[in-house]
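Before any comments, here is the structure.
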Amino acid sequence: MVTLGVRRWETLADSVQGVGKRRNQDWYDCRGTGSGTDPLILAVADGHGSAVHARSAVGARFAVDRFLELAAAFGRAALDCHEPGRLVRLMTYARDDFPRALVHEWRREALGHWDRHRPVVEEAAREPRPEEKLVLYGTTLIGAVLTPWLFVAWQLGDGDLAVVEHDGALSRPLAPAVEELGDETESLCGREAWRAMRMHWAPLFEEARAPRLVVLSTDGLSKSFASADGYREFVMGLAGRLAEEGGAGVRKVLPEWLAQASRYSGDDTTLAAALRPGEAPATADAPAPVSDSAPVADASAAAGPDGALEHPGATDARTPPDPADGDVDKERKTET
């Protein structure tokens with residue numbers, strides 16, 4: 001029996017600019033309610049930000065915008081996923097065709113932007129090849145779609161998808177088998193980026209088995225902890241605070257938590273999360289971060305939801321990039 005859930009998921013999201021950065025290269029968005037006709041879509045992108053990726057803030061915005069459009073159409077197509085054979089066809093599309101369509105749309109958007117905002121060069125200068133133009137817009141992407149029947153997520157590059165399951169267990173279903181080293185990561189500007197995209201596929205034929213909490217974040221958050229355990233405890237602490245205070249209370253302090261994390265990682269830090277409607281995670285399943293999980297720089301000042309922060313965040317969160325602006329920071333280099 002298919003559950004016809006229509007209750008609205010509760011979302012919270014924010015982003016802060018990295019300390020010393022000239023602009024926030026991240027972008028994010030959350031749309032929809034999670035119903036069959038209005039799927040919930042979450043996406044975060046992390047523009048690479050180095051000199052060779054001078055328009056990556058714009059590239060990150062294009063990645064999120066194109067993902068939201070394609071994922072919304074995919075979510076609506078899942079309305080009849082319980083019909084015989086439909087689920088298999090959707091899975092094949094999600095695994096093979098969706099990544100190709102997303103990369104194609106992102107490339108088209110980036111190359112169109114290049115044509116509208118060509119840099120001033122000498123007449124005799126060689127026209128860059130399309131691949132060279134796309135490097136300017138390089139970005140990672142994590143995106144998810146939630147309907148009453150289906151939870152699907154995709155990831156290209158670094159960052160984290162964390163899921164508190166229906167039974168309280170925490171998983172990172174898209175974590176790579178081998179963690180990427182340093183600041184090297186897969187990118188939408190890669191030659192065959194769709195091949196590197198990872199997918200999480202989870203049919204949901206009972207509402208009670210839907211995830212309690214889904215968290216997408218750029219790597220500025222996880223890098224602020226000394227180990228992966230610290231990040232996991234942050235997510236469980238977030239779940240506990242949501243159980244105690246609800247989304248409104250957590251939403252007020254989220255910028256402070258992200259700003260604190262950004263101070264330790266030095267990177268732009270973005271989080272987008274969705275809480276299952278009508279049921280908050282049990283506090284017992286959500287231990288608050290402890291000193292072992294604190295950011296590397298200072299184990300006594302954890303950037304987690306376990307209480308008030310010593311240094312409230314003062315960094316402006318989400319400043320939309322000017323599509324024609326090429327300002328960049330020069331602290332991060334990305335393999336393409």
Side-chain angles (χ1 to χ4, degrees), residues 3 5 7-14 28 30 32-34 39-44 142-155 159-176 198-222 224-225 227-251 253-254 257-258 261 269-290 292-293 302-307:
T3 303
R7 291 182 294 167
R8 185 184 187 95
W9 285 71
E10 186 170 10
T11 60
L12 60 155
D14 216 318
Y28 71 90
C30 306
T33 64
L40 172 63
I41 314 295
L42 308 171
V44 299
I142 308 173
V145 55
L146 287 145
T147 79
W149 311 278
L150 198 58
F151 168 36
V152 189
W154 296 263
Q155 180 169 353
D160 297 274
L161 170 72
V163 182
V164 179
E165 304 288 359
H166 69 281
D167 58 0
L170 188 146
S171 65
R172 294 176 60 203
L174 292 178
R198 309 187 292 278
M199 181 190 74
H200 174 58
W201 175 265
L204 306 171
F205 289 111
E206 296 179 20
E207 188 174 31
R209 299 185 66 83
R212 295 178 176 184
L213 180 68
V214 176
V215 180
L216 285 64
S217 58
T218 57
D219 68 332
L221 179 57
S222 58
S224 69
F225 296 98
S227 69
D229 288 341
Y231 173 77
R232 292 172 66 90
E233 291 181 5
F234 174 92
V235 174
M236 295 306 290
L238 174 63
R241 287 289 288 269
L242 286 168
E244 295 173 2
E245 303 178 14
V250 173
R251 199 172 288 111
V253 295
L254 181 61
W257 296 344
L258 298 183
T269 303
T270 301
L271 179 147
L275 178 67
R276 193 204 321 174
E279 181 176 347
T283 306
D285 292 333
V290 295
D292 289 344
S293 66
D306 57 340

Residue from V145, T147, T33, L146 passing side chain to side chain contact (heavy atoms under 4.5 Å, CB included) with L40: L146
Exam field: side chain R276 to backbone A210, donor-acceptor pair closer than 3.5 Å: yes
R209 and D167, any side-chain heavy atoms less than 4.5 Å apart: no
Check: W257 and V250 side chains under 4.5 Å, non-hydrogen atoms: yes
Heavy-atom pair with the smallest gap, counting every atom of V152 and M199: CG1-CG, 4.1 Å
Smallest separation among heavy atoms of V164 and A239, with atom names: CG2-CB, 4.4 Å
G237 backbone acceptor or donor facing E233 side chain under 3.5 Å: no
Approximate separation, where rounding is to 0.5 Å, of R232 CZ and S227 OG: 10.5 Å
Heavy-atom check, side chain of D14 versus side chain of T270, under 4.5 Å: no
Min side-chain heavy-atom separation P173-V163 under 4.5 Å: yes
Flag side-chain contact, heavy atom, 4.5 Å: L271 against T269: no
Pair S224, Y231: side-chain N/O donor-acceptor within cut-off below 3.5 Å: no
W149 side chain near P203 side chain, heavy-atom distance below 4.5 Å: no
Under 3.5 Å donor-acceptor, D160 side chain and A162 backbone: no
Atom pair CD1 (I142) and CZ (R198), whose distance is rounded to the nearest 0.5 Å: 8.0 Å
Any side-chain heavy-atom pair of H200 and F151 under 4.5 Å: yes
Sidechain N-carboxylate O distance under 4.0 Å for E10, R251: yes
Nearest non-hydrogen partners of G247 and L242, listed with the distance: CA-CD2, 3.8 Å
Heavy-atom closest contact (G168 atom, M236 atom, distance): O-CE, 3.6 Å
F234 and F225 aromatic ring geometry - parallel, tilted or perpendicular at 30°/60° bounds: tilted
Residue pair L161, R172: steps toward the side chain to side chain contact (heavy atoms under 4.5 Å, CB included) verdict: CA-CA 6 Å; L161 170 72; R172 294 176 60 203; over 6 Å; no
Nearest heavy-atom neighbours spanning G34 and P148: O-CD, 3.0 Å
Side-chain donor/acceptor of R212 to backbone N/O of H166, under 3.5 Å: yes
Minimum-distance pair of heavy atoms, taken over all atoms of L42 and C30: CD2-SG, 3.5 Å
